[in-house]
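The structure appears right after this line, and notes come after that.
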Number of protein chains: 4
Amino acid sequence: MAGVNKVILIGNLGKDPEVRHLDNGAAVANFSIATTESYKDRNSGERVDQTEWHNIVLWRGLAEVAEKYLKKGDSVYIEGKLRTRSWEKDGVTRYTTEVVGDQMTMLGNKKSDGGGQSSGYEGNQGQSQAAAPAASQTPDTNSEMDDLPF
Amino acid sequence: MAGVNKVILIGNLGKDPEVRHLDNGAAVANFSIATTESYKDRNSGERVDQTEWHNIVLWRGLAEVAEKYLKKGDSVYIEGKLRTRSWEKDGVTRYTTEVVGDQMTMLGNKKSDGGGQSSGYEGNQGQSQAAAPAASQTPDTNSEMDDLPF
Amino acid sequence: MAGVNKVILIGNLGKDPEVRHLDNGAAVANFSIATTESYKDRNSGERVDQTEWHNIVLWRGLAEVAEKYLKKGDSVYIEGKLRTRSWEKDGVTRYTTEVVGDQMTMLGNKKSDGGGQSSGYEGNQGQSQAAAPAASQTPDTNSEMDDLPF
Amino acid sequence: MAGVNKVILIGNLGKDPEVRHLDNGAAVANFSIATTESYKDRNSGERVDQTEWHNIVLWRGLAEVAEKYLKKGDSVYIEGKLRTRSWEKDGVTRYTTEVVGDQMTMLGNKKSDGGGQSSGYEGNQGQSQAAAPAASQTPDTNSEMDDLPF
DNA sequence: TTTT
DNA sequence: TTTT
């Protein structure tokens with residue numbers, strides 16, 4: 001069935017990434033980023049900031065890059081897809097929607113002396129290999145993912 | 001401040017849209033669309049379809065277009081932003097992530113004799129007005145949204 | 001370093017794709033698609049259609065899919081990147097900007113009895129393999145591209 | 001008919017923007033941004049950077065923001081659409097493809113003390129008004145565009 | 001929980 | 001013409 005499921009975000013990390021390493025060696029990073037939208041309230045005329053939080057999941061190479069280079073407050077570009085998971089708690093089914101990233105570009109942080117893209121990293125774009133081997137999520141580096149649930 | 005929150009989906013409606021009309025006249029449409037991703041399982045080598053469901057919210061003109069023209073099974077392009085709402089039920093806080101659409105293009109349905117883009121509709125693109133007045137979500141048609149929560 | 005170069009198009013083919021097969025076996029497809037934007041002229045109040053043509057280039061598996069399944073008039077979703085080539089003609093340097101596609105989803109044609117996504121094909125999305133082997137542009141199927149200029 | 005024409009770029013300005021002010025008061029900014037893709041050459045195994053240049057056009061409020069805040073070397077997020085113009089020179093028809101931006105987010109520059117999003121600006125997102133009046137390109141602020149060719 |  |  002023809003389908004497109006794409007998310008593009010630029011936001012700031014609320015905390016440092018949490019990275020787990022699975023038994024098979026695969027790394028998984030979880031963190032949240034905030035995107036803020038500014039608009040003028042139609043009644044008061046005052047400026048309002050509305051912040052949205054997004055749960056990001058990165059696998060393997062991208063998770064390792066996040067572990068090494070991303071920290072609280074950093075600005076990052078994430079491209080990926082939406083995935084909603086369900087889980088039970090106290091007999092109640094709950095749902096969590098996450099963005100599973102397949103591209104990432106670091107956009108710098110406010111404390112660095114150089115700022116901007118000085119700490120830039122970019123995941124695989126299109127059909128090319130990223131320079132950092134660990135950063136690729138293309139199939140040929142994913143032999144370890146066989147027993148992952150997706 | 002710097003933030004981007006963008007979602008791009010092409011999928012099929014699971015049911016007809018549910019459209020409510022608020023007291024102030026604004027229409028709100030809710031429906032889900034499925035995006036299906038096909039991949040070959042790395043162990044079995046078999047083809048697997050993974051379907052993801054997305055909750056779509058449309059306001060005003062786009063909601064009215066959805067009410068008139070979209071129905072179960074139709075294929076549609078939706079562009080919008082992620083928004084996570086929280087709500088209480090049985091003393092438990094739950095979260096729902098939705099895609100608030102600001103662009104829509106109908107891509108046809110499999111039963112029409114014409115199919116494809118014959119029933120095409122397109123929301124406002126860039127700075128232009130859509131031909132159908134009801135389909136615009138640009139600010140100048142939104143004076144009725146003053147008391148909406150966003 | 002930090003860079004993003006992404007194009008997302010939904011449009012109709014102006015002609016059947018032209019597909020060449022290089023000596024090394026790689027296929028290359030070229031075709032144009034039209035995207036039409038409707039807006040109301042601010043002076044006359046009349047509806048105006050503005051059509052934009054985009055030069056699409058597909059390589060290898062996607063080119064073969066295009067050769068087999070795409071034809072004049074078909075609607076297609078293309079995701080890719082911008083690339084501007086320069087070439088000489090009569091001593092004048094000319095430039096052509098193309099969209100090099102890495103994802104494609106067929107959206108049907110208006111003449112098919114089924115229309116819509118019945119003829120759907122989807123390139124590789126994220127880290128998964130497309131079902132049709134020929135349709136993948138992931139690195140592990142690209143050993144033949146070694147002597148291509150990108 | 002149904003069409004989508006969307007470009008998303010993150011890159012660095014090659015020079016300061018050139019901004020013209022039309023007789024009717026509308027501002028137009030032109031500048032180029034570079035996006036660089038890194039990949040490992042399949043033969044030599046060496047890392048290669050491929051840079052692509054994109055011609056950006058901004059109108060009205062976004063042009064004024066560019067004039068005030070963007071300069072050579074800055075990193076910027078641009079969202080817009082592709083437009084190809086033709087023009088005559090020495091009896092030869094030439095074509096130029098540009099990205100007409102409708103969203104912009106400044107991502108900082110390497111020399112700022114704060115870097116990152118300190119100089120952040122964001123155009124209108126979705127249906128909200130940007131806080132800076134000059135930054136909006138929504139129709140209700142575009143009465144001056146009546147005699148522009150698009 | 002971030003950022004401006 | 002930028003950036004890392």
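The basis for the numbers below is simple: all heavy atoms, side chains too, and nothing from hydrogens, waters or symmetry mates. A note on names: the letters A, B, ... follow the listed sequences, proteins ahead of strands, and every chain is numbered from 1.
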Review point. Where the side chain of A/T36 is defined as all heavy atoms beyond and including C-beta, which of F/dT2, E/dT3, F/dT1 is the nearest nucleotide?
Key: E/dT3

Practice item. Rounded off to whole Å, could you give me the OH-to-P distance for the A/Y77 and F/dT4 pair? Key: 19 Å

Practice item. Only counting residues at least two apart or in another chain, list the ones meeting side chain to side chain contact (heavy atoms under 4.5 Å, CB included) with A/E52. Key: A/T35, A/Q50, A/H54, B/N5, B/R83, B/T84

Review point. Nearest-Å distance, NZ (D/K71) to P (F/dT2)?
Key: 15 Å

Point to revise | Value in whole Å for how far the C1' atom of E/dT3 lies from CG of A/D49 | key: 9 Å

Point to revise | Closest to side chain of A/N12, choosing from E/dT3, F/dT4, E/dT1 | key: E/dT3

**Study point:** Whole angstrom value for the distance that separates P of F/dT4 from CG of D/D74
**Key:** 11 Å

Exercise for review: Taking the side chain as every heavy atom from C-beta outward, state whether A/M104 and A/L70 have any atom pair closer than 4.5 Å.
Suggested key: yes

Check your understanding: Taking atom P of E/dT4 as reference, at what distance in whole Å does atom CD of A/E52 sit?
Key -> 20 Å

Exercise for review: State, yes or no, whether a side-chain contact exists between C/T96 and C/R94 at a heavy-atom distance under 4.5 Å.
Suggested key: no

Exercise for review: Using side chain to side chain contact (heavy atoms under 4.5 Å, CB included) as the criterion, list what pairs up with A/D16, not counting sequence neighbours.
Suggested key: A/K71, A/K72

**Study point:** Interatomic distance where NE2 belongs to A/H54 and P belongs to E/dT1 [whole Å]
**Key:** 17 Å

Practice item. Give a yes or no on whether a donor-acceptor pair under 3.5 Å exists between the nucleobase atoms of F/dT2, that is its base, and the side chain of D/T51. Key: yes

**Study point:** Value in whole Å for how far the C1' atom of E/dT3 lies from CD1 of A/I33
**Key:** 11 Å

Practice item. Let me know the distance between CG of A/L9 and P of E/dT2, rounded to the nearest Å. Key: 18 Å

Review point. Can you check whether D/W53 stacks with the F/dT1 base, using ring centres under 5.5 Å and planes within 30°?
Key: yes

